[in-house]
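First comes the structure, then the notes that go with it.
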Protein chains: 2
Amino acid sequence: MDNFSFYNPTKIIFGKNTIPSIGREIKRNNIDKVLILAGSGSIRNNGVYDAVTTSLIDNKIQYTEQWGVRPNPTLDHANETIEHTRINKIQAILAVGGGSVIDEAKSIACGFYLDNLWDAFERKVAIANALPIFTVLTLSGTCSEMDSFAVLSNQTENKKWPIGSELLFPKVSIIDPSVQMSLPWHQTVNGAIDAMSHIMEFYFLGTNQEITLSTDEAMLRTLISSLDQLAINPKDYNARANIAWAATLALNGISGIALNGGDWSTHRMEHALSAFHPEIAHGAGLAVMFPAWIEYNKKFNRDHFNRWAKNVWDADSPETALIAMKEKYQNWGAPVTLRELGIKKEEIPSLVKNTFSNGPIGALAALSFTDVANIFETAY
Amino acid sequence: MDNFSFYNPTKIIFGKNTIPSIGREIKRNNIDKVLILAGSGSIRNNGVYDAVTTSLIDNKIQYTEQWGVRPNPTLDHANETIEHTRINKIQAILAVGGGSVIDEAKSIACGFYLDNLWDAFERKVAIANALPIFTVLTLSGTCSEMDSFAVLSNQTENKKWPIGSELLFPKVSIIDPSVQMSLPWHQTVNGAIDAMSHIMEFYFLGTNQEITLSTDEAMLRTLISSLDQLAINPKDYNARANIAWAATLALNGISGIALNGGDWSTHRMEHALSAFHPEIAHGAGLAVMFPAWIEYNKKFNRDHFNRWAKNVWDADSPETALIAMKEKYQNWGAPVTLRELGIKKEEIPSLVKNTFSNGPIGALAALSFTDVANIFETAY
């Protein structure tokens with residue numbers, strides 16, 4: 001088992017009717033003025049916005065609002081919001097939404113102290129300071145509520161790139177799974193597939209980390225069985241709660257213990273997809289790309305893919321498991337081919353090029369341009 | 001799934017040759033003078049003491065030393081060390097040892113600010129301040145390296161009681177499993193059984209927390225299979241590393257998610273045992289008491305005990321699983337009866353009385369004096 005570090009100071013408050021505690025948690029951190037960052041406005045319809053603002057008012061916390069964060073959050077919107085944050089002397093960011101809103105909140109939090117936010121993504125400057133971040137999660141999947149990473153799209157340069165810093169861990173995140181009952185079904189599915197993909201990015205590097213591998217398998221099985229339950233009854237609170245916590249565990253550090261940071265090739269290919277097609281949801285892109293990555297990479301670490309087949313899919317080979325996985329994704333209504341996402345075959349060369357725009361890829365096996373082209377072809 | 005909070009800010013540095021980083025971690029927290037707290041001196045023989053002091057000197061951190069922490073750490077020794085800590089203007093406690101040393105370190109850290117440390121255990125005063133705590137772990141089992149609890153024995157009053165406070169989370173804990181290779185076999189076994197018991201204290205309250213239950217089962221299976229590997233080759237680093245991290249997960253909050261704080265009846269009975277018999281190792285007491293608790297309680301939540309039997313022991317009933325569990329404990333060399341611990345039958349009434357000295361017990365089912373007497377009889 002390889003050496004590792006684990007550090008995750010985010011406080012999680014999880015369960016029904018927990019959102020009204022946000023004001024008290026912010027106050028405890030001696031903060032008097034926050035920016036509420038939000039997306040397209042769905043939180044106005046499910047009671048979340050009212051619960052949040054009531055709690056802020058009750059705790060005498062001033063707030064301003066910034067709306068319009070997109071599913072693939074953009075550098076432009078982040079920069080505009082940083083300006084707003086400076087003008088209004090904001091002390092902390094309160095992200096109310098899913099992973100995109102939280103990712104943009106993290107970008108704003110560190111961008112507040114930078115001359116040029118994108119320099120941090122280009123690794124030209126270090127993140128040395130950040131405003132405190134609080135979150136109220138409305139869609140489980142990314143684990144941005146309990147990790148130190150953010151992904152932003154620079155549309156001018158077609159780059160969807162990540163940053164990471166211990167300063168970006170949210171102080172407090174509130175997860176009330178009951179508010180996710182009003183989500184469109186495909187968003188629930190995308191979130192669960194995103195979480196499964198996070199686990200698999202680590203899992204397939206497995207060798208002798210029995211404790212991590214066996215708990216990862218438990219998380220994957222829980223995500224699958226709970227989403228099956230939700231497919232029958234989308235109002236099943238308990239299934240939603242199990243998915244929500246599994247999605248948090250999937251990327252808060254626990255699922256990747258002693259797995260050297262994971263592989264992340266599939267995420268890199270998906271980021272290329274949504275760099276060109278911001279309308280493609282991250283989870284949908286992963287649903288297409290991960291089976292193709294497995295198909296191409298199962299020849300490496302073959303014993304471990306056998307283990308995955310048996311312990312996650314109750315299948316006797318990786319090939320059988322792949323069929324089960326794709327059938328499952330399809331039954332949930334997720335796409336499994338690039339065609340379903342509206343990608344044209346002639347786009348593949350530029351997708352391959354974009355995949356490498358942030359450096360070489362592949363930890364289980366280093367992938368060449370040809371390898372990545374083959375994986376995109378397989379996914380087609 | 002019931003509501004829960006999760007917060008654990010301890011930084012873990014895990015793996016081979018990680019102990020030399022302790023000085024840097026302490027320095028990062030702007031600390032110039034620490035107390036090294038240790039047990040009977042085994043760290044002088046396995047290189048740990050030299051690695052720690054070299055790292056402190058290299059980082060220009062002054063230190064004093066206090067030795068002699070006992071396997072069931074005592075109030076007297078803690079009070080004596082608090083005095084030492086005040087006189088020497090110590091800024092932080094560095095515990096180098098197993099759970100007992102860390103537990104006493106936590107007691108000293110908060111006792112430093114109290115008129116009377118035991119008042120905190122009696123819940124007469126709140127813990128409002130504590131010195132920072134750092135740990136170098138030399139025996140996995142208690143998870144004291146990554147939790148906010150401590151247990152101390154007040155020998156005058158025959159009370160072995162716990163305290164808990166967010167202020168007692170260690171800042172940084174270093175876990176190098178390779179230093180545990182020099183442990184006597186029974187200490188390794190006691191640690192693993194302690195960790196298994198922590199998981200089971202939560203697990204048996206399970207109903208619908210699939211994500212927690214399935215990961216708990218994975219932890220239990222990993223502890224069992226890895227200890228079996230160690231029994232064949234005690235120098236198997238990888239088996240030790242898997243046990244070490246599983247033991248940390250067993251009580252750092254993850255294993256108890258949405259399980260309402262757990263049951264802890266078995267721990268309460270074990271604490272009664274070692275309140276009268278400080279020579280009994282905690283893990284050995286639990287090895288005896290947990291099978292007896294299961295025997296008596298499996299009639300409650302029967303379906304769940306069936307699940308445990310199947311998923312942990314590959315057994316078709318709780319009865320068969322119990323046989324397998326006791327055989328496994330015996331094969332590892334652990335005691336499974338009170339007689340093996342040298343307890344006399346006529347002690348049972350006072351053990352029962354002591355079990356209740358800290359209030360009523362039983363979360364799966366409330367236990368009466370008669371119930372607890374029956375469980376001690378079963379364990380006899």
Side-chain angles (χ1 to χ4, degrees), chain A residues 1-18 21 146 166 169 172-177 207-223 225-226 229 236-250 252-255 257-258 311, chain B residues 1-18 21 146 166 169 172-177 207-223 225-226 229 236-250 252-255 257-258 311:
Chain A
M1 203 156 115
D2 286 322
N3 289 7
F4 65 88
S5 291
F6 179 89
Y7 173 65
N8 193 323
T10 299
K11 177 178 177 179
I12 297 289
I13 301 175
F14 186 105
K16 289 177 186 167
N17 302 317
T18 48
S21 60
M146 200 183 182
E166 285 184 0
F169 279 113
V172 179
S173 284
I174 295 189
I175 306 172
D176 179 347
T207 52
N208 55 14
Q209 312 79 354
E210 184 59 32
I211 181 62
T212 309
L213 302 179
S214 58
T215 48
D216 282 359
E217 289 159 358
M219 293 176 204
L220 287 168
R221 289 195 309 268
T222 300
L223 284 162
S225 64
S226 300
Q229 286 168 25
D236 182 336
Y237 173 81
N238 202 59
R240 284 218 183 258
N242 274 291
I243 290 171
W245 183 242
T248 301
L249 283 178
N252 72 352
I254 296 296
S255 72
I257 288 290
N311 291 352
Chain B
M1 202 156 114
D2 287 322
N3 290 7
F4 66 87
S5 292
F6 179 89
Y7 173 65
N8 194 323
T10 299
K11 176 178 179 180
I12 298 289
I13 300 174
F14 186 105
K16 289 177 187 166
N17 303 317
T18 48
S21 60
M146 200 184 181
E166 286 185 358
F169 279 113
V172 179
S173 283
I174 295 189
I175 307 172
D176 179 346
T207 52
N208 56 15
Q209 311 80 353
E210 184 59 33
I211 181 62
T212 311
L213 302 179
S214 58
T215 47
D216 282 358
E217 289 159 357
M219 292 176 206
L220 287 169
R221 289 194 308 267
T222 300
L223 283 162
S225 64
S226 301
Q229 285 167 26
D236 181 338
Y237 173 81
N238 202 59
R240 284 219 183 256
N242 274 291
I243 290 171
W245 183 242
T248 300
L249 282 177
N252 72 352
I254 296 294
S255 72
I257 288 290
N311 292 351

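We name chains A, B, ... by the order of the sequence lines, and we start the count at 1 in each one. It should be emphasised that the depicted structure is a prediction, and the values quoted were computed from it without experimental measurement.
- Rounding to the nearest 0.5 angstrom, the gap separating the CZ atom in B/Phe14 from the CG atom in A/Asn3 is 8.0 Å.
- One finds the CD1 atom of B/Ile211 at 9.0 Å from the OG1 atom of A/Thr215 (value rounded to the nearest 0.5 Å).
- Rounding to the nearest 0.5 Å places CG of B/Asn252 at 7.0 Å from CZ of A/Phe6.
- For B/Ile254, the part lying under 4.5 angstrom from a heavy atom of chain A is the side chain only.
- No part of B/Leu213 comes within reach of chain A, as not one of its non-hydrogen atoms sits under 4.5 angstrom from that chain.
- At a 4.5 Å heavy-atom cutoff, the contact between A/Thr18 and chain B is made by side-chain atoms alone.
- Your options are A/Glu217, A/Met1, A/Arg221, and the one with the most heavy-atom pairs under 4.5 Å with chain B is A/Met1.
- Only the side chain of B/Tyr237 has a heavy atom closer than 4.5 Å to any heavy atom of chain A.
- In this structure, the separation between OH on A/Tyr7 and CD1 on B/Ile13 is 12.0 Å, given to the nearest 0.5 Å.
- In terms of heavy-atom pairs under 4.5 Å with chain A, the best-connected choice from B/Ala258, B/Ser214, B/Pro177 is B/Ser214.
- Atom-to-atom distance recorded for B/Asn8:CG and A/Lys11:NZ is 13.0 Å, nearest 0.5 angstrom.
- Heavy-atom distances place no part of A/Ile243 under 4.5 Å from chain B, backbone and side chain included.
- Here CD of B/Glu210 is found 10.5 Å from CG of A/Leu223. Values are rounded to the nearest 0.5 Å.
- Here the side chain of B/Asn208 pairs no donor or acceptor atom with the backbone of A/Asn238 at under 3.5 angstrom.
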